[in-house]
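The structure appears below as structure tokens.
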Amino acid sequence: MLHKKVLAMKEIRLADWEISAIRTAFSESFPDTDHLWLFGSRIYPEKRGGDIDLYIETTMQDVDDIGKSESKFLFMVEDAIGEQKIDIVIKCVNSDFDLLIYHVARKEGVQLV
């Protein structure tokens, strides 16, 4: 499965420098225990346009801390790659709250961190 995701990384519609900027912003905004996926139209090289859809799994529990981390992350990404439409979905891994989008993003997405 990891091999498939590595191949997909080469085909996603983000430049290497954009991926690097997103990874750096994530590592500076969220704990090392957290993970990040790209999902949606940007993982399909044959599609055009589309926003950048990111899925985050965090071990953080405080809503205010999560909001601060998300804001810092988004600011850093936009500062590095320019202002774009970016959608972020966040799942608190220690919560029982569950949405279908969590499963879709994780299953079909490409893990960046």
Side-chain angles (χ1 to χ4, degrees):
M1 187 66 133
L2 183 59
H3 181 66
K4 178 182 175 188
K5 289 187 181 271
V6 170
L7 288 177
M9 283 292 291
K10 296 177 184 176
E11 300 173 3
I12 64 175
R13 288 185 302 111
L14 287 176
D16 289 343
W17 66 271
E18 291 173 310
I19 295 167
S20 179
I22 291 169
R23 285 178 169 158
T24 298
F26 184 78
S27 67
E28 292 183 20
S29 303
F30 285 89
D32 293 340
T33 54
D34 293 357
H35 300 284
L36 172 69
W37 285 261
L38 173 72
F39 72 103
S41 63
R42 292 290 183 127
I43 64 169
Y44 300 103
E46 70 278 2
K47 293 191 176 185
R48 298 283 179 248
D51 51 2
I52 298 173
D53 297 307
L54 299 170
Y55 169 66
I56 296 170
E57 287 185 350
T58 185
T59 56
M60 298 170 68
Q61 296 181 3
D62 184 79
V63 175
D64 290 335
D65 290 342
I66 294 169
K68 289 175 187 173
S69 290
E70 179 184 14
S71 294
K72 178 180 178 181
F73 173 63
L74 187 57
F75 175 80
M76 289 181 70
V77 170
E78 288 182 344
D79 188 50
I81 69 173
E83 193 171 321
Q84 298 190 38
K85 176 76 167 110
I86 301 172
D87 291 330
I88 300 174
V89 175
I90 300 177
K91 176 179 178 20
C92 299
V93 295
N94 297 321
S95 171
D96 291 334
F97 188 73
D98 196 28
L99 294 172
L100 178 60
I101 189 90
Y102 300 159
H103 301 278
V104 171
R106 195 164 206 244
K107 181 180 177 188
E108 296 179 6
V110 175
Q111 188 169 359
L112 300 179
V113 179

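Distance check: Phe30 CZ to His35 NE2 gives 13.0 Å after rounding to the nearest 0.5 Å. Taking OH of Tyr55 as the start and CG of Asp87 as the end, the distance is 15.5 Å to the nearest 0.5 Å. The distance from atom OG of Ser41 to atom CD of Glu46, rounded to the nearest 0.5 Å, is 10.0 Å.
No chain of hydrophobic side-chain contacts below 4.5 Å, direct or via other Ile, Leu, Val, Met, Phe, Trp or Tyr residues, connects Ile56 to Val63. Transitive grouping of hydrophobic side chains (ILVMFWY, heavy atoms separated by less than 4.5 Å) brings Tyr44 and Leu54 into a common cluster. Residues Trp17 and Ile86 share a single hydrophobic cluster, defined by chaining ILVMFWY side chains whose heavy atoms lie under 4.5 Å apart. No path of Ile, Leu, Val, Met, Phe, Trp and Tyr side chains, each step under 4.5 Å between heavy atoms, connects Ile52 with Met76, placing them in separate hydrophobic clusters. With hydrophobic clusters built from ILVMFWY side chains whose heavy atoms lie under 4.5 angstrom apart, Ile66 does not share a cluster with Phe75.
With contacts defined as side-chain heavy-atom distances shorter than 4.5 Å, the pair His103/Asp98 qualifies. Counting only heavy atoms from C-beta outward, the side chains of Met60 and Lys68 never approach each other to under 4.5 Å. In this structure the side chain of Phe73 reaches within 4.5 angstrom of the side chain of Ile88, judged on heavy atoms.
Only one option out of Ile43, Leu38, Ile81, Val110 pairs with Leu14 in a side chain to side chain contact (heavy atoms under 4.5 Å, CB included); it is Leu38.
For Glu28 against Lys72, the heavy-atom pair with the smallest separation is O-NZ, 2.8 Å. When every heavy atom of Phe39 is checked against every heavy atom of Ile101, the shortest pair comes out as CE1-CD1, 3.8 Å. The two residues Val89 and Tyr102 have their closest heavy-atom pair at CG1-CE2, 3.7 Å. The shortest heavy-atom contact between Asp53 and Gly40 is OD2-CA, 3.7 Å. The two atoms that bring Gln84 and Glu18 nearest to each other are NE2-OE2, 3.7 Å, heavy atoms only.
A donor-acceptor pair under 3.5 Å is formed between the side chain of Thr24 and the backbone N or O of Ser20. Although no hydrogens or angles enter the test, the distance criterion places no donor-acceptor pair under 3.5 Å between the side chain of Ser29 and the main chain of Phe26. With Asp34 contributing its side chain and Thr59 its backbone, the two residues share a donor-acceptor pair below 3.5 Å. In terms of modelled atom types and a separation under 3.5 Å, the side chain of Arg42 and the main chain of Gly50 share a donor-acceptor contact.
Residue pairs that meet the ring-ring contact (aromatic ring centres under 6.0 Å, His included) test with at least one member in residues 80-100, sequence neighbours left out, do not exist here.
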Next on the checklist: The test is side-chain contact (heavy atoms from CB on, under 4.5 Å); show your working for Trp37 and Glu57 and say whether it passes.
Outcome noted: CA-CA 9 Å; Trp37 285 261; Glu57 287 185 350; 3.6 Å; yes
Next on the checklist: Between Arg106 and Lys91, does the side-chain contact (heavy atoms from CB on, under 4.5 Å) criterion hold? Intermediate values first, please.
Outcome noted: CA-CA 11 Å; Arg106 195 164 206 244; Lys91 176 179 178 20; over 6 Å; no
